[in-house]
*Asks:* 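Have a look at this one before I ask anything.
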There are 2 protein chains.
Amino acid sequence: MTETQPSSGFQQLDREGLVQRVAKLLSKAIISGQLAPGARLSESVVARELGVSRAPVREAARLLESSGLVTSEPNRGFFVRQVSAKALDDLYELRLAIETAVIVRLVQNWTEETDKMLSAQVRELHRVAIEDTDIFTQVEADMQFHRLMCTGSGNPKFLTVFEQIAIETEFSIMLIGQLYDDPTRIAETHEPILEALRAQDTNQAIEAIRYHLSEAQRIVTKQFRLLEEGKTSI
Amino acid sequence: MTETQPSSGFQQLDREGLVQRVAKLLSKAIISGQLAPGARLSESVVARELGVSRAPVREAARLLESSGLVTSEPNRGFFVRQVSAKALDDLYELRLAIETAVIVRLVQNWTEETDKMLSAQVRELHRVAIEDTDIFTQVEADMQFHRLMCTGSGNPKFLTVFEQIAIETEFSIMLIGQLYDDPTRIAETHEPILEALRAQDTNQAIEAIRYHLSEAQRIVTKQFRLLEEGKTSI
DNA sequence: GAATTGTAGATTGTCGACAATTTACTTGAC
DNA sequence: GTCAAGTAAATTGTCGACAATCTACAATTC
């Protein structure tokens, strides 16, 4: 309707506003650990630093608040979220609930398309495990697999919730610093999930995701509790 | 630490900022149907109407966006969310996933306190069903029961997600206008849930919530699809 | 007449300034 | 020395104004 042009593959150029750019920068800064948990997020400082006014910074901060990276107290401002081991456990419990439901639907809605995407992502997981040692890339690839599952489920609400979970998970993992002793091991625990899905075996897929998540949780929380012993709160 | 006073039950007075008040007003306006779905949410109009500047209105709108009541398009502004029958189905599916997980934990964490709260809420449900015919009150009471379940689960993440679900559900129900043919019937389907929880019977509780939600969904979507036939989109 | 281009009005995006509130420090009383 | 009250600096909350962008309609071309 709107596009009647011959359309010679022009790629949509960045139409994202200042707010989203600020939000992206801030979340990178937080996730990468430049801004320590609990640290005050001064509007004026951030604004000055980025060369913008406070208004877009405020909006970006509100955005991050809704995605769980920062908290806000009235008349006191924004703070980088504190994460506790308990919160991490809670997060994984929520994640299991969501992803279990996702799998049920995913088996119903299984398509060639989804199969391809997930297979490719498993290969990607192995690639980054071998080639790349950057934690951020590894975690991102891991999350992308689960994100694709949500997308394939056909229920966009699942993706919405997962997006929040993903941000918070990444945040926590980045805090720990080094995550996987053996990245290929994580890549491998994704395979049983995909196989069970392909075989349309819901129960086995659920079992596989349960194992995968509990493995991830075990590794993460172990590291995390180690960290917590040092500091009073992380 | 901060409270060393004798503390003779002073109720915390409104320390909520202008933003939250605007947000509350807007969401009331949206949920009550004053602002039709799809309608533009003009910042200047709202600001003028409420006698405030645009800044707090913008922030409030962003808040509502994160809770799913409004959507935003860059450089075009905010719009009241459109709801479809499909979206409602998706919402109930998500809700089932969450509440099932909540029940599992709730059985583990069962306390006298929780028992009391839920019992009282069931009584409240019956009360509003008989005395009050106001839909908003009825739906609010219904939601409160489920909110209490989330609180009692001990996992605050569940409550966070449910809060969003609740807002969107209330929104959809208000759109329909008249919801329950028989409000006492809805009140009654809460009882088996509570009984199963009290008996620490996880499976039966899950079965009960599944029945309750599918009942609710059936009623809501039936009404909804009826409405959708009239208008092209609601 | 249909489609494209140009233009005016309205709306959102961003800004700098002022008011309200909090925080950190100093002062004073016991 | 400890606690309370008072005060100044810093920070957030709100505002009105200007710039960038979109929308709708008029003018122009084929």
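Convention: sequence-line order gives letters A, B, ...; per-chain numbering from 1.
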*Asks:* Below 4.5 Å, heavy atoms only, C-beta onward: do B:E93 and A:K157 meet side chain to side chain?
*Replies:*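 With C-beta onward as the side chain, the pair stays apart.
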*Asks:* Below 4.0 angstrom, N of the basic side chain to O of the carboxylate: do B:R58 and B:E65 qualify?
*Replies:* no
*Asks:* Do the side chains of B:L26 and B:L41 get nearer than 4.5 Å, heavy atoms only?
*Replies:* yes
*Asks:* Taking only nitrogen or oxygen atoms into account, show me every contact under 3.5 Å that the protein makes with nucleotides 7-10 of chain C, one pair per line with its distance.
*Replies:*
none

*Asks:* Under 4.5 Å between any side-chain heavy atoms of B:H190 and B:D142, yes or no?
*Replies:* yes
*Asks:* A:R81 versus A:E168: any side-chain heavy-atom pair under 4.5 Å?
*Replies:*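 When only atoms from C-beta onward are counted, A:E168 and A:R81 do touch, with a gap below 4.5 Å.
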*Asks:* Would you mind building the protein contact string for nucleotides 10-17 of chain D? One character per nucleotide, 5' to 3', B for base within reach (heavy atoms under 4.0 Å), S for sugar-phosphate only, - for untouched.
*Replies:* -SBBBB-B
*Asks:* Output, in order, the C-alpha distance, side-chain angles, deciding distance and verdict of side-chain hydrogen bond (donor to acceptor under 3.5 Å, both in side chains) for B:Q144 and B:R147.
*Replies:* CA-CA 5 Å; B:Q144 185 59 20; B:R147 205 173 280 131; 2.7 Å; yes
*Asks:* In chain order, what residues pass the side chain to side chain donor-acceptor pair (under 3.5 Å) check against A:S53, with sequence neighbours excluded?
*Replies:*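 With neighbours one apart ignored, the set is empty.
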